Amino acid sequence: MIESTLWHPVAACDELSTRNPLPVRLLEQPLVLWRDAHGAVHAFDDRCPHRGARLSLGRVHEGRLECPYHGWRFEAGGRCVQVPALPDFTPPPGHKVGAYAVAERAGLLWVCLSGDAPAPEFETEADERLRKITVGPYDVATSAPRVVENFLDMSHFGFVHEGWLGDREHVAQADYRVETTAAGVLATGCRAWQPRSNRLSTEGSDVEYTYAVTAPYTAVLTKLPQKQDGYRDVISLFVCPVEPERSRVWFRMAVTDFASSDEELRAFQHTIFTQDQPVVESQVPRRLPLSGGELHSAADRLSAAYRRYLREQGITFGVC
Ligand code: FES
Ligand code: CO
């Protein structure tokens, strides 16, 4: 079992109804999510402690998760409270399934496998001038840090996203600042000439933006306003380390565009990420080399800072 005291996103909130439990996988561990009648979400090991059946094949019944095999019922917290074959039996406290902390944040369900760290907060979510929309999930055949590092990488725009976020004639990397913050890593003063930086752009423009790494597998891109109206567009990347070399990826867009449809906004981000995906999946090794093994240039200062940050977080071989 892979230990982790971090909060990880495992599913979108709207994937989970009050009717059917949902199987997810986090750090090789099969989990089942279920929502009780009050809307509260619970995360258990997806294995019944009676005879090992998958609880996610069961159902939610009267505020409890019912195993599909012999109908044992588990309440919030994981305790078995009913064994249908023995109506008069009161299961002892040891009859229980592993239960984990769950939180709903930024349109996603987050799980923490161990420890008592508070769930992450995202200030953008409270900004009513920004419209929020979730894009994904994408199942990507590589480690979570490779996905994050690609999101932080500016010097691929003219190649991977030619005609969209970059252009072969404008690939020189303008200088930018990188600093370490209490939360993680911050890059400011990033600038790029982008032929089509968002869904509504009709001509190329210089875009200025910042990147913030706020957790090992969370990064936030803020595009600074081009017109001085004080608004900004924010794209957050949330990556679930499903396995050391398999990731599930969501983007949370917070944009000033209230006119386009959800589908139109998703289509733009979808195009960009499906350009990235085959290249990212081709990178070997899939686990991010945290020291040595790859060549760096001065344009890679942000990714170098990200690797340093992962090392400081005690993340080895690019996953925890
Ligand atoms: Fe779950 Fe028997 S295996 S109740
Ligand atoms: Co890209």
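Position 1 is the first residue of the sequence, and the numbers go up from there. It should be emphasised that the depicted structure is a prediction, and the values quoted were computed from it without experimental measurement. Whatever order the structure lists ligands and atoms in, that order sets their numbers, starting from 1.
- Of all the N, O or S atoms in His50, the one closest to atom 2 (Fe) of ligand 1 is ND1.
- Under the 4.5 Å side-chain heavy-atom criterion for grouping Ile, Leu, Val, Met, Phe, Trp and Tyr, Val207 is connected to Leu237 within one hydrophobic cluster.
- In this structure, the protein non-hydrogen atom closest to atom 2 (Fe) of ligand 1 is His70 ND1, 2.0 Å.
- The distance from atom CD of Glu66 to atom SG of Cys48, rounded to the nearest 0.5 Å, is 11.0 Å.
- By the 4.0 Å N-to-carboxylate-O rule, Lys132 lies too far from Asp127 to be salt-bridged with it.
- Between Asp139 and the options Arg248, Arg246, Arg25, a salt bridge (Lys or Arg N to Asp or Glu O under 4.0 Å) holds for only Arg248.
- Between Arg131 and Asp262 there is a salt bridge, with a side-chain nitrogen of the basic residue lying less than 4.0 Å from a carboxylate oxygen of the acidic one.
- The Cys48 neighbourhood of ligand 1 comprises atoms 1 (Fe), 3 (S), 4 (S), with distances under 4.0 Å to a heavy atom of that residue.
- Taking a cut-off of under 4.0 Å to the non-hydrogen atoms of Trp72, the atoms of ligand 1 that pass are 4 (S).
- Taking the N/O/S atoms of His156 in turn, the shortest distance to the Co ion (ligand 2) belongs to NE2.
- With the Co ion (ligand 2) as the vertex, NE2 (His161) and OD2 (Asp276) define an angle of 100°, rounded to 10°.
- In this structure, the protein non-hydrogen atom closest to atom 3 (S) of ligand 1 is Arg51 N, 3.3 Å.
- Residues Glu125 and Arg105 are not paired through a salt bridge, judged by the lack of any N-O separation under 4.0 Å between the basic side chain and the carboxylate.
- The nearest N, O or S atom of Cys67 is not closer to atom 2 (Fe) of ligand 1 than 2.8 Å.
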